[in-house]
Protein chains: 2
Amino acid sequence: MQSKGELRRTKMLEHIKQSGKATVSELMDITESSIATVRRDLEALEQENYIIRTIGGAVYDEGNSGSRSNAAELAFADKRSVSKEGKERIAAAAAAMVEEGDVICLTGGTTTFLIAKALKAHQNITVVTNAVNIAAELFDAEGVQVVVSGGVMRHKSYELIGPLAESVIEKLNITKMFLGVDGVSKEHGFTTHSELEARIAQLFIARSSQVYAVYDQTKLHKSALFTIIPYDGVTGVITDL
Amino acid sequence: MQSKGELRRTKMLEHIKQSGKATVSELMDITESSIATVRRDLEALEQENYIIRTIGGAVYDEGNSGSRSNAAELAFADKRSVSKEGKERIAAAAAAMVEEGDVICLTGGTTTFLIAKALKAHQNITVVTNAVNIAAELFDAEGVQVVVSGGVMRHKSYELIGPLAESVIEKLNITKMFLGVDGVSKEHGFTTHSELEARIAQLFIARSSQVYAVYDQTKLHKSALFTIIPYDGVTGVITDL
DNA sequence: TCATAATTTGATCGATTAGATCAAATTATG
DNA sequence: CATAATTTGATCTAATCGATCAAATTATGA
């Protein structure tokens, strides 16, 4: 069944879709609710990529129905209503562990991408990554030196792999690594679907003083094909509840 | 001729179009102007239906490519589409030169970015680049293998530079290179503002069988500080008019 | 070339909007 | 029906926006 809140958000979305846009006060009238509720609903709808919030309201986001031109977001466009809040809390927690002078390593993935966003305001740190979308996201972060491993890009994952990447990684010294994974289990440890990505991750791990696995609850008690590192091989984990 | 303000707005629009969105502070950095000017420019661009202003910035408005309304807008729209058409014609011409099996090199820049877009439909080619935005753009081009030089990213230009990049480039063999430049003159050859980018470009050139300089007319008869290669050092040039 | 007018820019102000917090109200659950 | 969890709305603070005006820049014509 559809809850009261969902009903209200559906109503809002219908209106925004029909008119192309809507103001906050319009939506307050239509739904007969307070400004705070409308704002919360708009925030939720924006999170799920249905709308784009504007200054006094919102517009309908057409780009998301078919193909989106913005490459950086395309990978995540389909993941509507995936538990983003959890991931953002994880990202915030990871970012809070980063200190001035740190050399951070971020492998590819949605969670690590959010960590990168959370690190944009940091000063005097270095971020090493093999994911081009993470690098692109940090292009205007003045306080963050961005180092990219070279390599061949895996289609639709943004991750650089192969011997070129490996030869670069060997030269780096990393203080803290945040490892994104596809599966977590006591038995198989931290796992991923791609053998080549597993290999790159292992090389990064070998160059890192501390390694923290980051994952949300949807990954727990699952195993992907390739083990990156055993369960007790990491310095710690960062996850939600 | 294009006024200073128009130039700035074009620059903003290109950035917003490439990234899909932009924050006000990002645009302040890029254009090196005050928050008031950025807001005025965004207001103008929104009036002309190029963008939609959001809370701290703007997103590109895809919906409106077709119809525009009043005459004042048309003047600006025409200018833009002319200069842009020029770059797109250059990009199309470059893409037409690419054959199956080629290993293409693209340095950073707006024109080379457009070449990358034009290459997305190609089959069985390799694109080597030191620009992370070009790599990100090709993330879903199935027929294109993407190789990224590693290195340290220059803020606000997406280009990877430094010893790491150099050590990777040394290992590559490129059939055709498309060289984006900041200035072209008989006397100083092909030039760029950044010494480090010039150096990277020279290394790519050393590994390329053919080198084509790509530039639009705004670059002609100008010289930037650092010469990449003399005027007669390239295989050919691709330009408009 | 120079003086003047027109335009553009950037700083500062108040106004508006957004975000965070918390108690009250509502809804779900056993 | 009692309790816990969630949602809602009010209040406050912070961020962003829009308007104004003086300074700087650019265009214009003698």
Side-chain angles (χ1 to χ4, degrees), chain A residues 1-13 15-16 21-59 61 81 83-89 91-93 95-96 114 117-118 120-121 140-142 217 240-241, chain B residues 1-13 15-16 21-48 50-59 61 72-73 75-76 79-80 218:
Chain A
M1 114 152 203
Q2 203 171 18
S3 78
K4 194 173 147 193
E6 286 171 29
L7 208 76
R8 190 183 55 243
R9 280 185 286 276
T10 305
K11 207 168 175 180
M12 285 186 182
L13 189 57
H15 178 74
I16 297 169
K21 62 186 172 186
T23 66
V24 171
S25 51
E26 242 175 80
L27 295 168
M28 285 169 66
D29 288 343
I30 290 171
T31 62
E32 291 179 2
S33 46
S34 72
I35 191 168
T37 301
V38 170
R39 290 219 178 103
R40 267 189 287 255
D41 285 345
L42 290 182
E43 192 183 352
L45 290 170
E46 184 175 47
Q47 289 278 335
E48 290 164 10
N49 284 325
Y50 288 113
I51 61 164
I52 296 167
R53 290 228 276 166
T54 58
I55 292 162
V59 297
D61 185 359
S81 77
S83 61
K84 196 172 176 186
E85 240 182 55
K87 285 190 175 166
E88 273 177 356
R89 275 210 307 276
L114 290 174
K117 286 188 88 146
K120 284 180 84 166
D140 65 334
E142 303 274 6
Q217 290 301 301
D240 52 342
L241 292 208
Chain B
M1 122 145 202
Q2 201 171 19
S3 80
K4 197 170 143 193
E6 287 171 27
L7 207 75
R8 191 184 53 242
R9 281 184 286 275
T10 304
K11 206 168 176 181
M12 285 185 183
L13 190 56
H15 177 75
I16 297 170
K21 64 187 172 187
T23 65
V24 171
S25 53
E26 242 175 79
L27 295 168
M28 286 170 66
D29 288 342
I30 290 171
T31 62
E32 289 179 3
S33 46
S34 72
I35 193 168
T37 300
V38 170
R39 292 219 178 102
R40 268 188 288 254
D41 285 346
L42 289 181
E43 192 182 350
L45 290 170
E46 185 175 46
Q47 288 281 337
E48 291 162 10
Y50 288 113
I51 61 166
I52 297 167
R53 289 226 277 167
T54 58
I55 292 163
V59 298
D61 185 0
E73 288 169 13
F76 186 79
K79 273 182 200 169
R80 186 187 81 118
T218 65

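We name chains A, B, ... by the order of the sequence lines, and we start the count at 1 in each one.
- An OP1 or OP2 oxygen of C:dG10 is reached within less than 4.0 angstrom by a side-chain nitrogen or oxygen of B:Thr37.
- Protein atom CZ of B:Arg39 is 14 Å distant from nucleotide atom P of C:dT17, rounded to whole Å.
- Counting only heavy atoms from C-beta outward, the side chains of A:Lys11 and A:Leu27 never approach each other to under 4.5 Å.
- The side chain of B:Arg9 places no N or O atom within less than 4.0 Å of a non-bridging phosphate oxygen (OP1 or OP2) of C:dT8.
- Remark: B:Arg8 is not in phosphate contact with C:dT8, judged by side-chain N or O atoms under 4.0 Å from OP1 or OP2.
- The side-chain heavy atoms of B:Thr54 and A:Ile55, taken from C-beta on, include no pair separated by under 4.5 Å.
- Partners of A:Glu43 according to the salt bridge (charged side-chain N to carboxylate O under 4.0 Å, His left out) rule, which considers only residues two or more places apart in sequence or in another chain, do not exist here.
- Taking B:Asp41 as the reference, B:Arg8, B:Arg9 meet the salt bridge (charged side-chain N to carboxylate O under 4.0 Å, His left out) condition, with sequence neighbours excluded.
- In this structure, the side chain of A:Glu46 does not engage the main chain of A:Ile52 through any donor-acceptor pair within 3.5 Å.
- Whole-Å rounding puts the B:Leu7 CG to C:dT9 C1' distance at 16 Å.
- Nearest-nucleotide positions on DNA chain C for B:Ala36 and A:Gly57 put B:Ala36 closer to the 5' end.
- Atom NE2 of B:His15 sits about 7.0 Å away from atom CG of A:Asp140, to the nearest 0.5 Å.
- Whole-Å rounding puts the B:Asp41 CG to C:dG10 C1' distance at 13 Å.
- Atom pair A:Ile55:CD1 and D:dA15:P shows a separation of 17 Å (rounding to whole Å applied).
- A donor-acceptor pair under 3.5 Å is absent between the side-chain atoms of B:Ser33 and the main chain of B:Thr37, judged by distance alone.
- Distance A:Ile35 CD1 to C:dT17 C1': 7 Å, rounded to the nearest Å.
- Taking atom CG of B:Leu42 as the reference point, atom P of C:dG10 lies 14 Å away to the nearest angstrom.
- Using a 4.0 Å heavy-atom distance criterion, B:Thr54 is classed as a sugar-phosphate-only contact.
- Summarising the geometry, the separation between CD on B:Glu43 and P on D:dT20 is reported as 13 Å, rounded to the nearest angstrom.
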### Query
How does DNA chain C look in dot-bracket form if you count Watson-Crick and G-U pairs under 3.5 Å, write [ ] for pairs that cross, and put | where a base pairs with another strand?
||||||||||||||||||||||||||||||

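- The base of D:dG9 is paired with the side chain of A:Arg40 by a donor and an acceptor separated by under 3.5 Å.
- For the pair A:Glu46 CD and C:dG19 C1', the interatomic distance rounds to 13 Å; values are reported in whole Å.
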